[in-house]
Amino acid sequence: MDENFALILLSRCKGLGPILTKSAINRFGSAKAVLEQKPIELKHQCGWSPLQIAELKQLEKSDHAVACRDLEYLKKNNIEIISFKSNAYPLRLKQIVDAPTFLYVKGNIDLNPSRTLAIVGTRKPRAQSLLLTQQLIEDAQNHGVQIISGLAYGIDICAHKNAIKCDVPNIGVLAHGLDQIYPKAHYKTSSEIQKNGALISEMPLFTNLHPDLFPRRNRIIAGMSDAVVVVESKTVGGSMSTAQIARSYDRDVFAFPEIPIKGNNSGCNALIKRQVAELIEDFSDVCKSMNWSIKQRNTPQYNLFPNLTTDEQQLLQTLTGKRMHIDELIQYSKLPLHTITLCVLELELKGIIQVLPGKYYQRIA
C-alpha cells in the first residue's frame with residue numbers, strides 16, 4: 001500500500017482528527033502501518049473508540065476507489081502530498097498541536113523560509129487599506145519575507161497580486177480542495193502564484209465549500225506565519241479569527257489603526273485596545289518588532305553557510321524567523337541540550353543568531 005494512499009484514507013475518516021491521526025502515525029511509524037494494525041492494537045495503543053475503528057475499517061473498503069481517483073488526480077495536476085513527518089512540512093505549522101496530518105501543495109516554494117508574514121483583512125476594504133497593503137509588500141520585497149494569505153476578496157487578493165508584481169514568494173491557503181478555486185474570479189491569480197509560490201490546503205479533493213472550513217484554513221495561515229498583519233477588519237470576521245488564533249499560537253500580531261468614527265466597527269482598533277495586536281504605521285514597525293532589520297535572500301539560509309557543521313545547520317533549520325525558547329529548540333531540533341548550547345555559541349559568534357533574554361534565540365542572518 002502506498003503511503004499517500006494511506007494518508008488519504010485516514011484523512012477521510014470523519015471520526016479522526018489530526019491529533020489522533022498524528023499520534024497513531026508516530027506510534028506505528030507511518031500511515032500505512034496504522035491501516036495494517038488490528039482493531040485491538042488501535043484501541044489499546046492509540047485509545048481509539050470502537051466507532052472510530054469501525055469507521056476506518058469501513059472506509060478501507062468503501063473509499064478504496066475514491067483514494068485511487070484522488071492519487072491519479074494529484075499526479076495529473078502536479079499536486080504534492082507533504083506529510084507532517086516530512087522535512088518539507090512547514091516547521092512553524094508542526095509546532096501547533098492541531099496541525100494537519102498532511103498538506104496538499106501545488107506550486108514551487110520552500111515551506112520553511114527564514115521569514116513569513118501573513119497579511120489579512122476585510123473582503124470590502126477602503127482604497128486607503130489597499131494602498132497600505134501594496135506599500136507593505138513593496139517594503140517587504142527586499143527583506144526575504146514570504147507572504148501568506150487566503151486568496152479571498154479584498155485585502156487577501158490585493159496582497160497576492162502585489163506579491164506577484166514585486167516577485168515576492170507567496171502562499172495562498174485554501175479552505176477547500178485544490179481541484180477548485182474560490183472565488184472563481186481569482187483563478188488567474190492562483191495560477192500566477194504557483195510560479196513563485198504555492199497553493200496549499202488540508203482539505204481532501206472535491207470537498208464542498210462550507211463556512212465551517214474557513215476557521216480551519218485560518219489556523220493554517222496563523223500557524224505558518226511568524227507574524228500576522230491585519231490591515232482592515234470589522235470586529236467580527238475571518239481576519240479577527242486569524243489574529244486571535246495567531247496570538248494563541250504565540251505569533252506576533254500587528255494592526256493598522258483607524259480613525260474612530262461612530263459606526264465604523266473597527267476590528268483593528270479593537271485588537272490594539274485588547275493588546276492582541278501591536279499598532280503599526282508601516283512595514284518598518286514590523287521589522288523593528290520582529291528584528292528583521294537585516295536583509296536576507298529568499299533562499300534557505302543554511303545553504304549560504306557551507307562551513308557550518310551538520311548540527312549547526314539542523315539548528316538553523318529549526319530556528320525560523322520567530323524567536324524560540326531553548327525548550328522549543330530541544331523539542332523540534334531533536335538535538336540534546338549540550339549540543340544546542342555549543343551550536344548557539346558558535347552561531348552567535350558567527351553573527352548568524354542573536355541570544356535574547358530569558359533563554360530565547362532568534363535568527364538574524
Subject >> Ring-ring centroid check F5 H64, cutoff 6.0 Å >> reply: yes
Subject >> Under 3.5 Å donor-acceptor, Q313 side chain and T310 backbone >> reply: no
Original post:
Any chain of hydrophobic side-chain contacts (each under 4.5 Å) joining F28 to I53?
Top reply: yes
**OP:** If you link ILVMFWY side chains whenever their heavy atoms are less than 4.5 Å apart, which other residues fall into the same cluster as L131? By chain and number, please.
**Re:** none
Original post:
Quick one: does S241's side chain have a donor or acceptor within less than 3.5 Å of a partner on G237's backbone?
Top reply: no
Subject >> Close side-chain approach of L337 to T339, heavy-atom, < 4.5 Å >> reply: no
**OP:** Taking the side chain as every heavy atom from C-beta outward, state whether M224 and I200 have any pair of such atoms under 4.5 Å apart.
**Re:** yes
**OP:** Mind listing the closest non-hydrogen atom pair of L10 and A31 along with its distance?
**Re:** CD1-CB, 3.6 Å
Original post:
Is there a chain of hydrophobic side chains (I, L, V, M, F, W, Y, each step under 4.5 Å between heavy atoms) that links I147 to V253?
Top reply: no
**OP:** Give the C-alpha distance, both sets of side-chain angles, the deciding distance and a yes or no for side chain to side chain contact (heavy atoms under 4.5 Å, CB included) between L103 and I81.
**Re:** CA-CA 6 Å; L103 295 170; I81 283 181; over 6 Å; no
Subject >> Side-chain touch V97/I19, heavy atoms, less than 4.5 angstrom >> reply: yes
Original post:
Given the rule in the side chain to side chain contact (heavy atoms under 4.5 Å, CB included) test, do F254 and V230 qualify, once you have shown the distances and angles that lead to the verdict?
Top reply: CA-CA 6 Å; F254 303 97; V230 183; over 6 Å; no
Original post:
With no hydrogens and no angle check, is any side-chain donor or acceptor of K195 less than 3.5 Å from a backbone partner on I164?
Top reply: no
**OP:** Check the surroundings of atom CG in D327: do more than 12 heavy atoms from other residues, nucleotides or ligands lie under 6.0 Å from it?
**Re:** yes
Subject >> P125 side chain near T122 side chain, heavy-atom distance below 4.5 Å >> reply: yes
Subject >> K94 side chain to F84 backbone, donor-acceptor under 3.5 Å >> reply: yes
Original post:
If you look at every heavy atom in I109 and G197, which pair is closest and at what distance?
Top reply: CD1-CA, 3.5 Å
Original post:
Would M324 and I326 show up in the same hydrophobic cluster when neighbours are defined by side-chain heavy atoms closer than 4.5 Å?
Top reply: yes
**OP:** Kindly check if the number of other-residue, nucleotide or ligand heavy atoms within 6.0 Å of NZ (K75) is above 12?
**Re:** no
**OP:** To the nearest 0.5 angstrom, please state how far the CD1 atom of I79 sits from the CG atom of D70.
**Re:** 9.5 Å
Original post:
Between the main-chain N or O of L136 and the side-chain N or O of D282, is there a donor-acceptor pair closer than 3.5 Å?
Top reply: no
**OP:** State yes or no: do I119 and M290 share one hydrophobic cluster built from I, L, V, M, F, W and Y residues joined by side-chain heavy-atom distances below 4.5 Å, directly or via other members?
**Re:** yes
**OP:** Kindly say whether the aromatic ring centers of Y104 and F102 come within a distance under 6.0 Å.
**Re:** yes
Original post:
Is the shortest distance from a Lys or Arg side-chain nitrogen in R115 or D226 to a carboxylate oxygen in the other one below 4.0 Å?
Top reply: no
Subject >> Contact summary for S201 and L178, nearest pair of heavy atoms >> reply: CB-CD2, 3.9 Å
Subject >> Exam field: side chain Q314 to backbone S333, donor-acceptor pair closer than 3.5 Å >> reply: yes
Subject >> Ring centre gap for Y73 and F206 strictly below 6.0 Å >> reply: yes
Subject >> Side-chain donor/acceptor of R27 to backbone N/O of I25, under 3.5 Å >> reply: no
Original post:
If you measure from CD1 on I171 to OG1 on T116, what distance do you get to the nearest 0.5 Å?
Top reply: 8.5 Å
Original post:
Given the rule in the side chain to side chain donor-acceptor pair (under 3.5 Å) test, do Q354 and N291 qualify, once you have shown the distances and angles that lead to the verdict?
Top reply: CA-CA 10 Å; Q354 180 181 15; N291 195 27; 2.5 Å; yes
Subject >> Side-chain heavy-atom pair P204, R12 within 4.5 angstrom cut-off >> reply: yes
Subject >> Note, R217 side chain near L174 side chain (heavy atom, < 4.5 Å) >> reply: no
Subject >> Note, L199 side chain near V173 side chain (heavy atom, < 4.5 Å) >> reply: no
Original post:
How many angstroms lie between atom CG of L9 and atom CG of L16, to the nearest 0.5 angstrom?
Top reply: 11.5 Å
Original post:
Between the main-chain N or O of V120 and the side-chain N or O of D156, is there a donor-acceptor pair closer than 3.5 Å?
Top reply: no
Subject >> Non-hydrogen atoms of H143 and C287 that approach each other most closely >> reply: CD2-SG, 3.9 Å
Subject >> Any H160 side-chain heavy atom under 4.5 Å of H186 side chain >> reply: no
**OP:** State yes or no: do V34 and I8 share one hydrophobic cluster built from I, L, V, M, F, W and Y residues joined by side-chain heavy-atom distances below 4.5 Å, directly or via other members?
**Re:** yes
Original post:
At what distance, to the nearest 0.5 angstrom, does CG of D179 lie from CE of M203?
Top reply: 11.0 Å
Original post:
Which value, rounded to the nearest 0.5 Å, describes the distance between H325 atom NE2 and Y361 atom OH?
Top reply: 8.5 Å
Original post:
Going through the distances and angles, do E312 and C343 end up as a side chain to side chain contact (heavy atoms under 4.5 Å, CB included)?
Top reply: CA-CA 6 Å; E312 289 170 349; C343 287; 3.9 Å; yes
Original post:
Does Y182 sit in a hydrophobic cluster with other residues, and if so which ones, taking ILVMFWY side chains as linked at heavy-atom separations under 4.5 Å, directly or through other members?
Top reply: L209, F214
Original post:
So, D167 versus N196: side-chain donor-acceptor pair below 3.5 Å or not?
Top reply: yes
Subject >> Heavy-atom donor-acceptor pair, R219 side chain to I245 backbone, under 3.5 Å >> reply: no
Original post:
Taking all atoms of both residues into account, what is the closest heavy-atom pair of V231 and C268, and its distance?
Top reply: O-SG, 3.6 Å
**OP:** Give the intermediate values and the outcome of side chain to side chain donor-acceptor pair (under 3.5 Å) for residues Q134 and E138.
**Re:** CA-CA 6 Å; Q134 177 182 336; E138 291 177 355; 3.1 Å; yes
Original post:
Take atom CD in E348; do more than 12 heavy atoms of anything else shown fall under 6.0 Å from it?
Top reply: yes
Original post:
Do S83 and E3 pass the side chain to side chain donor-acceptor pair (under 3.5 Å) test, and can you show the C-alpha distance, the side-chain angles, and the key distance before you say yes or no?
Top reply: CA-CA 10 Å; S83 165; E3 178 67 8; 5.5 Å; no
Original post:
side chain to side chain donor-acceptor pair (under 3.5 Å) between T309 and D311: does it pass, once the steps are laid out?
Top reply: CA-CA 5 Å; T309 66; D311 288 339; 5.3 Å; no
**OP:** Please work out whether the ring planes of F283 and W292 are parallel, tilted or perpendicular, with thresholds of 30° and 60°.
**Re:** tilted
Subject >> Intermediate values then yes/no, side chain to side chain contact (heavy atoms under 4.5 Å, CB included), N4 and L71 >> reply: CA-CA 8 Å; N4 285 345; L71 284 174; 3.8 Å; yes
Original post:
Which heavy atom of K85 sits nearest a heavy atom of N26, and at what distance?
Top reply: NZ-OD1, 3.5 Å
Original post:
Taking atom CG of L279 and atom CG of L271, what is their separation to the nearest 0.5 Å?
Top reply: 11.0 Å
Original post:
Between K57 and E60, is there a salt bridge with N-O shorter than 4.0 Å?
Top reply: yes
Original post:
In terms of side-chain geometry, is the basic nitrogen of R216 or E202 positioned less than 4.0 Å from the acidic oxygen of its partner?
Top reply: yes
**OP:** Look only at the side chain of Q52 and the backbone of S49, and say whether a donor-acceptor pair between them is shorter than 3.5 Å.
**Re:** yes
Subject >> Results of salt bridge (Lys or Arg N to Asp or Glu O under 4.0 Å) for E232 - residues two or more places apart only >> reply: R126
